[in-house]
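Working notes for the structure below.
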2 protein chains.
Amino acid sequence: MEKVGQPDPSGEDERLSRLFRALSDATRRSLLSRLTLGPAKVTDLARPFRMSLPAVSKHLKILEDAGLVSRAVRGRVHRLSLSGEPLRQVEIWLDPFRSYWEATFAGLRRDLSAHPPRAERRRPRGRRLDSGRNGD
Amino acid sequence: MEKVGQPDPSGEDERLSRLFRALSDATRRSLLSRLTLGPAKVTDLARPFRMSLPAVSKHLKILEDAGLVSRAVRGRVHRLSLSGEPLRQVEIWLDPFRSYWEATFAGLRRDLSAHPPRAERRRPRGRRLDSGRNGD
DNA sequence: AATATACTTAACCGTTTGGTTTACTATTCA
DNA sequence: TGAATAGTAAACCAAACGGTTAAGTATATT
């Protein structure tokens with residue numbers, strides 16, 4: 001289990017917490033989905049949303065702070081691109097639980113139960129790079 | 001701040017948001033880890049933490065609301081157990097991004113075919129391709 | 001019946017979050 | 001140079017968070 005005695009600020013827990021918190025907003029998840037299609041500038045990312053530009057700007061900063069997007073400033077244009085690596089961290093955190101939910105639904109999900117618990121999982125073929133959620 | 005197109009309260013996005021939010025706290029993640037060892041009652045779950053019992057109780061409620069733990073009340077004892085299923089939802093959400101972080105490292109040649117890039121197009125300096133609508 | 005145990009609920013409090021509007025800075029265009 | 005464009009920063013606000021203590025509700029125990 002984790003450390004429960006000390007706060008341990010800015011440690012591993014903190015990073016994971018920031019990551020999950022960044023993912024806990026539908027707008028932010030939508031932005032990430034959009035970015036799987038390729039890098040984009042802030043105004044383009046903001047266009048589909050009803051909210052103001054500063055609001056989207058803040059969301060992007062949160063994603064950036066979580067390490068999920070990186071920013072390349074060229075002139076006045078900020079080009080955001082997806083950094084998938086932190087999501088790998090999520091995957092890693094998730095791993096010990098995988099056998100748990102697979103046990104719960106053993107045999108019901110062919111594509112998931114096909115993989116041995118805790119093993120390096122193969123990516124199911126034919127998955128599309130789109131969450132299907134939100135305004136995409 | 002949910003929707004982009006339609007107001008979809010209490011929908012799929014909302015469920016995912018609650019899930020990620022539940023995971024965004026180190027105490028809650030620690031509780032989940034503890035529960036992989038088997039069901040436990042509230043007092044046992046609370047013991048390792050410095051915080052008060054009601055605080056832990058609230059955390060457990062949040063996990064329960066996210067569907068991550070289920071509760072079986074027997075007498076005055078609440079027996080909490082892990083429900084891995086929502087974590088499978090996280091996995092499913094994560095899946096479209098998997099090729100992305102895999103491509104970040106080596107072996108990207110094969111995985112790049114999964115990407116629809118070419119938004120990468122860099123326009124020559126001094127030339128105005130932007131017709132005023134959408135730079136990409 | 002009285003008391004202890006296992007919890008939740010309620011009320012409260014400071015901080016964070018997600019949004020707004022109004023500046024402000026920096027770059028590009030005419 | 002002046003104006004438009006791309007974006008952040010600041011100030012503000014209501015609501016949600018995460019914690020506290022105190023009170024309340026059931027169930028066991030003696």
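Each chain gets a letter, A, B and so on, in the order the sequences are listed, and its residues count up from 1. Not measured: the values here are computed from a predicted model.
- A heavy atom lying under 4.0 Å from DNA chain D marks the following residues of residues 63-71 of chain A, by number: A/R71.
- With salt bridges taken as basic N to acidic carboxylate O contacts below 4.0 Å, one links B/E12 and B/R15.
- Rounding to the nearest 0.5 Å places CG of A/L80 at 5.0 Å from CG of A/L60.
- Rounded to whole Å, the distance from CG on A/L23 to P on C/dG18 is 12 Å.
- In this structure, CG in A/L87 is found 11.0 Å from CD1 in A/I92, a value given to the nearest 0.5 Å.
- Residue B/W93 holds its CH2 atom at 4.5 Å from CG of A/L23, rounded to the nearest 0.5 Å.
- The CG atom of B/L63 lies 12.5 Å from the CZ atom of B/R18; values are rounded to the nearest 0.5 Å.
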Listing time: all N or O pairs from protein to nucleotides 28-30 of chain D that are below 3.5 Å?
{"unit_1": "D/dA28", "atom_1": "O4'", "unit_2": "B/R76", "atom_2": "NH2", "d": "3.4"}

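- In this structure, the side chains of B/R21 and A/R21 come closer than 4.5 Å at one or more pairs of heavy atoms.
- Using a 4.5 Å heavy-atom cutoff, the side chains of B/L68 and B/I62 are not in contact.
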Pairwise N/O distances under 3.5 Å, protein to nucleotides 18-22 of chain D:
{"unit_1": "D/dG18", "atom_1": "OP2", "unit_2": "B/R28", "atom_2": "NH1", "d": "2.9"}
{"unit_1": "D/dG19", "atom_1": "OP2", "unit_2": "B/H59", "atom_2": "NE2", "d": "2.1"}
{"unit_1": "D/dG19", "atom_1": "N7", "unit_2": "B/K58", "atom_2": "NZ", "d": "3.0"}
{"unit_1": "D/dG19", "atom_1": "O6", "unit_2": "B/K58", "atom_2": "NZ", "d": "2.4"}
{"unit_1": "D/dT20", "atom_1": "OP1", "unit_2": "B/S52", "atom_2": "N", "d": "3.4"}
{"unit_1": "D/dT20", "atom_1": "OP2", "unit_2": "B/S52", "atom_2": "N", "d": "2.9"}
{"unit_1": "D/dT20", "atom_1": "OP2", "unit_2": "B/S52", "atom_2": "OG", "d": "2.6"}

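- Atom CZ in A/R47 sits roughly 13 Å away from atom C1' in D/dT5 (whole-Å rounding).
- Distances shorter than 4.0 Å separate none of the side-chain N or O atoms of A/K61 from OP1 or OP2 on D/dT8.
- Dashed line: the shortest gap from a side-chain N or O of A/H78 to OP1 or OP2 of D/dT8 is under 4.0 Å.
- Atom OG of B/S70 is separated from atom CD of B/E85 by 12.0 Å, given to the nearest 0.5 angstrom.
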Item to check | Steps toward salt bridge (Lys or Arg N to Asp or Glu O under 4.0 Å) verdict (B/R88, B/E91) | outcome: CA-CA 5 Å; B/R88 213 183 96 245; B/E91 245 270 336; over 6 Å; no
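- To the nearest 0.5 Å, atom CG of residue A/D13 and atom CG of residue B/D25 are 9.5 Å apart.
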